[in-house]
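The structure appears right after this line, and notes come after that.
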Amino acid sequence: MAPKSDSPPPDSSMDPLYHLLRVLPYAVLRPPRLRLKLPSLTLPSPMTVYSLILLTYFLVVSGFVYDVIVEPPGIGSTQDRLSGAVKPVVFMTGRVNGQYIIEGLSSGFMFVVGGVGIVLLDLAMDRNRARSVKVSFAAAGAAAVVVAYVMSMLFVRIKIPGYLG
C-alpha cells in the first residue's frame with residue numbers, strides 16, 4: 001500500500017481569493033479559438049552561412065569593436081619637414097595598441113584574403129573536380145595566401161619600424 005500524503009494536491013490552494021480569480025473570469029468570458037499557423041523557417045544556404053561567418057571574421061580581425069569604442073580618425077596626417085606640406089598617413093607608426101580605421105580595414109582584408117586562399121586550397125583537393133579546375137583553385141589559393149602573408153608582414157614592418165629584421 002502506498003504511503004498517504006498529507007500535502008494538498010498542487011492544483012488546490014488554501015486561498016479563496018486565488019480560487020475565485022482563477023475560475024471567475026472564465027465563467028463569464030470565453031477565450032477565442034485561434035487558428036494560428038506556425039511560421040516555417042528554412043535553413044539558410046551553406047554559402048549564406050559562409051558569407052556571414054567571413055563577414056564576422058573580417059569585422060573582428062579589422063578591429064571594428066575598437067573603432068566603435070575609441071572612434072579613431074579614418075586616416076592620419078603628418079607634415080613634411082622639407083616642404084611643409086601635409087601628407088596622409090595610413091599606419092599609426094610606433095603605436096601597437098592604436099590604429100586608424102583604414103589601417104584596421106586593410107589589415108582585416110589581408111587576413112580575409114589569406115583565409116579565402118586556404119579555402120581555395122581546400123577546394124583544390126576535391127577528387128570530383130576536373131584537373132584544370134583543381135589547378136586553377138590551387139594556383140589562386142596559393143597566390144592569395146602568399147599575397148596576404150607578404151602584405152601582412154609589410155604592414156607589420158611599417159607599423160613597427162625595426163621589427164622583424
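Within the 4.5 Å cutoff, the side chain of Val119 has heavy atoms near those of the Tyr50 side chain. Contact check for Tyr149 versus Met110: no side-chain heavy atoms found under the 4.5 Å cut-off. Proximity of Val112 to Tyr57: side-chain heavy atoms (C-beta onward) are separated by under 4.5 Å at one or more points. Between Pro72 and Tyr66 there is a side-chain heavy-atom pair separated by less than 4.5 Å. Two residues are said to be in side-chain contact when any heavy atoms from C-beta on lie closer than 4.5 Å; Ile160 and Val96 meet this criterion. Here the side chains of Ser62 and Phe109 are not in contact, with every heavy-atom distance at 4.5 Å or above. For the pair Leu54/Val116, a side-chain contact is recorded, criterion being any heavy-atom separation below 4.5 Å from C-beta on. In this structure, the side chains of Leu123 and Lys134 stay at 4.5 Å or more apart for every pair of heavy atoms.
Shown here for Arg157 and Tyr163, the closest heavy-atom pair between the two residues is CG-O, 4.2 Å. Of all the heavy atoms in Val89 and Ile75, the pair that sits closest is O-CG1, 3.1 Å. Of all heavy-atom pairs between Arg129 and Val133, the closest is CD-CG1, 4.0 Å. Closest non-hydrogen pair, Ala138 versus Ala124, comes out as N-CB, 3.6 Å. Of all the heavy atoms in Phe91 and Glu103, the pair that sits closest is CD2-CG, 3.4 Å. For the pair Ser107 and Phe155, the tightest heavy-atom approach, listed with the atom from each and the gap, is OG-CD1, 3.6 Å.
With rounding to the nearest 0.5 Å, the separation of OG in Ser77 from OH in Tyr100 is 7.0 Å. Rounded to the nearest 0.5 Å, atoms CZ (Phe64) and OG1 (Thr56) are 11.0 Å apart. Within the model, atoms CG of Leu34 and NZ of Lys37 stand 14.0 Å from one another, a figure rounded to the nearest 0.5 Å.
Cluster annotation: Val150 is not connected to Ile158 through the hydrophobic network of ILVMFWY side chains, with a link wherever side-chain heavy atoms come within less than 4.5 Å. Criterion: ILVMFWY side-chain heavy atoms under 4.5 Å apart, direct or through other members. Under it, Phe111 and Leu154 are part of a common hydrophobic cluster. No continuous path of hydrophobic side-chain contacts links Leu121 to Met151 [ILVMFWY only; heavy atoms under 4.5 Å]. No chain of hydrophobic side-chain contacts below 4.5 Å, direct or via other Ile, Leu, Val, Met, Phe, Trp or Tyr residues, connects Leu52 to Leu43. Hydrophobic clustering (side-chain heavy atoms under 4.5 Å, transitive across Ile, Leu, Val, Met, Phe, Trp, Tyr) groups Val65 together with Val70.
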Determine, stepwise, if the pair Arg131 / Val135 fulfils side chain to side chain contact (heavy atoms under 4.5 Å, CB included).
CA-CA 6 Å; Arg131 188 178 193 315; Val135 169; 3.4 Å; yes

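No donor-acceptor pair under 3.5 Å is formed between the side chain of Gln79 and the backbone N or O of Val86. No donor-acceptor distance shorter than 3.5 angstrom exists from the side chain of Ser83 to the backbone of Asp80, with no hydrogens or angles considered.
Met153 CE: more than 12 foreign heavy atoms inside a 6.0 Å radius. A 6.0 Å sphere centred on CZ of Phe58 holds more than 12 heavy atoms belonging to other residues, nucleotides or ligands. Applying the 6.0 Å contact sphere to CG of Asn97 captures no more than 12 heavy atoms from other residues, nucleotides or ligands.
A donor-acceptor pair shorter than 3.5 Å cannot be found between the side chains of Ser51 and Thr48.
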